[in-house]
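Data block below; observations after.
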Number of protein chains: 2
Amino acid sequence: MVQKSALARPPASGMAKAGEATRQAIIDTAEKMFSDQGITAVSLRSILAEAGANTAAAHYHFGSKENLIAEVFARRAKRVADERMDRLGEVLKRDDDATLLEEIIRAFIEPGFFGGADTREAGEQFARLRARLTTDDSELAGRLLSDVFDESSHRYMKALSDALPDLSKIDVQWRFHALLGVMVYTVTGPGRIQSLTDNACDPSDLHTAVEHLVPTLAGMFRAPPTLFTT
Amino acid sequence: MVQKSALARPPASGMAKAGEATRQAIIDTAEKMFSDQGITAVSLRSILAEAGANTAAAHYHFGSKENLIAEVFARRAKRVADERMDRLGEVLKRDDDATLLEEIIRAFIEPGFFGGADTREAGEQFARLRARLTTDDSELAGRLLSDVFDESSHRYMKALSDALPDLSKIDVQWRFHALLGVMVYTVTGPGRIQSLTDNACDPSDLHTAVEHLVPTLAGMFRAPPTLFTT
DNA sequence: GTCTATAGCTGGATAGAC
DNA sequence: GTCTATCCAGCTATAGAC
């Protein structure tokens, strides 16, 4: 086999294929466009145009749009889950103290909002993508999220139960559901509260959001047990 | 003009047009299918097939898909807002007591989950539709929701501020945002907590959801003021 | 006024040249 | 291995027969 050209392609260590760069460009562009505009709202064609590739390349590398979504998701998701586990381990190492609950919540939210990537901006983009996935296609989202996040979420629920011995399991579960809801709603940013407050309150600023949500959600978990069973 | 047939169409009182029944059938079917499957996921064609109408009828009555969405929304939305206002008025008439906060929250959530229709089932369907609208097309949703709900939401935020004099405005706004997030996430039902708990916790049962969320969210509002400004 | 037929697009996926 | 050209299905919206 004759090499057509040695131009501009250094003999990178593990890189076997030339098309690897195209593949990465498609994934990068897809992540950006999906998180900005939504999964179903963005066509493969528009991604490929933006990435400077063609439909055949997408089919060659991924086979289908759903597979592309899955690859965009997989690239960062496990890292977010791992960051959550590591941070929970750190928090639980310390002695029990008055702010344990806050620290558990923060250890869950911060990787969720900023984790999985090398910069916080890239992490935010991935957070928006996961939230879009949840609301756009909950069937696909259910499969992808369960595989990667069930284990770490179970550990967090266990840690919350231990930190709040007065609460029943079902109470912890409902409040964890509420925590997830606040996070997804904050990241998808429907803009209701911005509209209601003339932008005084702006949850799209996720750094400020964390500082408000951590103490607020801690208060939620500290509410008395629900006197109710069905 | 000769009446082609007098069969099966009683001379209903205020009904001027014969096509009124078709119009209502389209709206009813659209509400059901939009709330079950999502707004963008459902095509006009499928709605019309289910309703036994044709594309021309839809164009004649509504002009476009967006107008149909707006009409489905308008039919019940104002009634939900009115129910919220009425119930807030009732709550505030009573003397201040230990459960005022819970009653304000309940007065906001229950019309949101069940209101706007003659049966609670129909109200739940409409709640799912609004949540779908929020996540599917936040541009359209923003316009529709603002017009109908801004006034009542402002009154609730005012009532919450009065009931919680230690909280700053911005704290109340963030917590109201969290309240909205929990409601939308509960109603859209992505099913994460069901998956995490083997269906022990099931937020799609909105009646049980209210009983858990009211005390939980009250705890959230009662959290100490956030020691943080940006 | 009602409906059939279709225009005009856009989507994902693919065959086949090179 | 890469890309052009195309297939085919689905969508909204509308023209035109009756």
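Labels below follow one simple rule: chain letters A, B, ... track the order of the sequence lines, proteins then strands, and each chain is numbered from 1.
- If you measure from atom OH of A:Tyr60 to atom P of C:dC18, you get 21 Å, rounded to the nearest angstrom.
- Taking CG of B:Leu144 as the start and CZ of B:Phe149 as the end, the distance is 10.0 Å to the nearest 0.5 Å.
- Counting to the nearest Å, the P atom of C:dG11 and the CD1 atom of A:Ile69 are 15 Å from each other.
- B:Thr55 comes within contact range of at least one nucleobase, with a heavy-atom separation under 4.0 Å.
- Among the nucleotides C:dC3, D:dT4, D:dG1, the one closest to the side chain of B:Asn54 is C:dC3.
- For the pair A:Asn67 CG and C:dG12 P, the computed distance is 14 Å after rounding to whole Å.
- Annotation: of the two residues near DNA chain C, A:Ser46 and A:His59, the 5′-most nearest-nucleotide partner is A:Ser46.
- To the nearest angstrom, P of D:dC11 lies 11 Å from CG of B:Leu48.
- One can place CD1 of B:Ile26 at 11 Å from P of C:dT2, the figure rounded to the nearest angstrom.
- Atoms NE2 (B:His61) and C1' (D:dA13) sit 16 Å apart, rounded to a whole Å.
- Inter-residue side-chain proximity for A:Asp171 and B:His212 is flagged as met; some heavy-atom pair is nearer than 4.5 Å.
- Here the P atom of nucleotide C:dG12 and the CZ atom of A:Phe62 are 14 Å apart, to the nearest Å.
- Looking at heavy atoms from C-beta onward, B:Phe108 lies out of side-chain contact with B:Leu88 at the 4.5 angstrom threshold.
- Picking from C:dC3, C:dA13, D:dC3 the nucleotide with the shortest atom distance to the side chain of B:Ala56 gives C:dC3.
- The nearest whole Å value for the distance from the CG atom in A:Leu44 to the P atom in D:dA9 is 19 Å.
- A:Arg120 contributes atom CZ, which lies 9.5 Å from atom CG of A:Leu206 (distance to the nearest 0.5 angstrom).
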